[in-house]
Chemist: 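My questions all concern the structure below.
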Amino acid sequence: MGKRTKKVGITGKYGTRYGSTLRKIIRKIEVSQHSSYRCAFCGKDSVKRQCTGIWNCKSCRKVVAGGAYMLSTPAAVTARSTIGRLRKVQAEQV
């Protein structure tokens with residue numbers, strides 16, 4: 001069976017509704033939420049979204065809290081790096 005949608009991808013189910021800009025935004029979100037991510041514990045690409053904000057690794061069966069549509073949000077990455085930097089500064093002072 002051939003490829004049915006060339007440009008719209010997963011948002012082909014919406015047809016011509018909602019406008020092209022909104023469908024492009026939704027496409028980015030839906031592709032990221034349905035893709036599999038690398039597990040931080042076992043290293044395999046088997047982390048899938050279970051429901052909003054809950055991510056489950058099928059191989060090591062770990063459950064991780066993350067973003068609603070992607071495992072690690074940009075804000076979480078920034079916070080994690082800031083906390084690491086502050087811990088490093090605090091360890092050097094003591």
Side-chain angles (χ1 to χ4, degrees):
M1 194 159 113
K3 192 172 177 184
R4 288 183 296 229
T5 59
K6 193 171 190 177
K7 294 180 182 178
V8 293
I10 197 167
T11 54
K13 60 187 174 186
Y14 300 121
T16 58
R17 297 181 296 271
Y18 314 116
S20 63
T21 307
L22 290 176
R23 279 180 292 159
K24 285 175 189 170
I25 294 168
I26 292 297
R27 180 168 126 208
K28 190 175 96 173
I29 291 170
E30 286 190 5
V31 165
S32 69
Q33 84 178 20
H34 290 121
S35 63
S36 59
Y37 290 87
R38 177 160 285 140
C39 179
F41 300 100
C42 66
K44 295 183 181 174
D45 287 328
S46 58
V47 177
K48 295 283 285 183
R49 181 178 184 259
Q50 194 172 3
C51 60
T52 308
I54 299 175
W55 298 82
N56 187 18
C57 179
K58 297 208 184 292
S59 114
C60 66
R61 298 168 95 49
K62 293 267 188 185
V63 178
V64 181
Y69 305 119
M70 59 182 65
L71 180 59
S72 182
T73 61
V77 171
T78 305
R80 201 176 306 122
S81 67
T82 304
I83 290 170
R85 183 174 42 81
L86 292 174
R87 281 191 181 147
K88 186 178 175 183
V89 168
Q90 189 179 24
E92 289 173 357
Q93 289 177 350
V94 174

Chemist: Any side-chain heavy-atom pair from V47 and L71 closer than 4.5 angstrom?
Modeler: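 Yes. Closest side-chain heavy atoms under 4.5 Å.
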Chemist: Specify the closest pair of heavy atoms between K48 and K58, including all atoms of both residues, with the distance to one decimal.
Modeler: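 Looks like CG-CE, 4.2 Å.
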Chemist: Can Y18 be reached from V8 by stepping across I, L, V, M, F, W or Y side chains whose heavy atoms are under 4.5 Å apart?
Modeler: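 In one cluster: no.
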Chemist: Using only atom types and a distance under 3.5 Å, with no angle test, would you say the side chain of W55 pairs donor to acceptor with the backbone of G67?
Modeler: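 Yes; judged by distance alone, with no hydrogens or angles, the pair exists.
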Chemist: Would you name the heavy atoms of R49 and Q33 that are closest together and state the gap between them?
Modeler: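 Minimum heavy-atom contact is CB-O, 3.6 Å.
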Chemist: Find out whether L22 and Y14 are in side-chain contact, i.e. whether some heavy atom of one side chain is under 4.5 Å from a heavy atom of the other.
Modeler: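 Not touching, per the 4.5 Å side-chain cut-off.
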Chemist: Please check: side-chain N/O of Y37 versus main-chain N/O of S32, any donor-acceptor pairing under 3.5 Å?
Modeler: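 Yes, Y37 side chain to S32 backbone: donor-acceptor pair under 3.5 Å.
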Chemist: Please round to the nearest 0.5 Å and tell me the distance separating atom CD1 of I29 and atom CZ of R27.
Modeler: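 If we round to the nearest 0.5 Å, I29:CD1 and R27:CZ are 12.5 Å apart.
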Chemist: Are there over 12 heavy-atom neighbours, none belonging to E92, within less than 6.0 Å of that residue's CD?
Modeler: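 Counting neighbours around CD of E92, more than 12 heavy atoms of other residues, nucleotides or ligands fall under 6.0 Å, so yes.
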Chemist: Using every non-hydrogen atom in the two residues, find where R23 and T11 come nearest and quote the distance to one decimal.
Modeler: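 R23 and T11 have their closest heavy atoms at O-CG2, 3.3 Å.
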Chemist: For the atom pair CG (N56) and NZ (K62), what is the distance rounded to the nearest 0.5 Å?
Modeler: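 If I round to the nearest 0.5 Å, the distance is 12.0 Å.
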Chemist: If you draw a 6.0 Å radius around CZ in R17, do more than 12 non-hydrogen atoms from other residues or ligands fall strictly inside?
Modeler: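 More than 12 within 6.0 Å, yes.
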Chemist: Can you tell me how far apart CD1 (I83) and OG1 (T78) are? Round to the nearest 0.5 Å.
Modeler: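 These two atoms lie 11.0 Å from each other.
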Chemist: Sequence neighbours excluded, which residues qualify as salt bridge (Lys or Arg N to Asp or Glu O under 4.0 Å) partners of R38?
Modeler: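 Scan of R38 (salt bridge (Lys or Arg N to Asp or Glu O under 4.0 Å), adjacent residues dropped) gives D45.
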Chemist: Would you call S59 and C39 a side-chain contact if the rule is heavy atoms closer than 4.5 Å?
Modeler: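 The answer is no, as the side chains (C-beta and beyond) never meet within the 4.5 Å cut-off.
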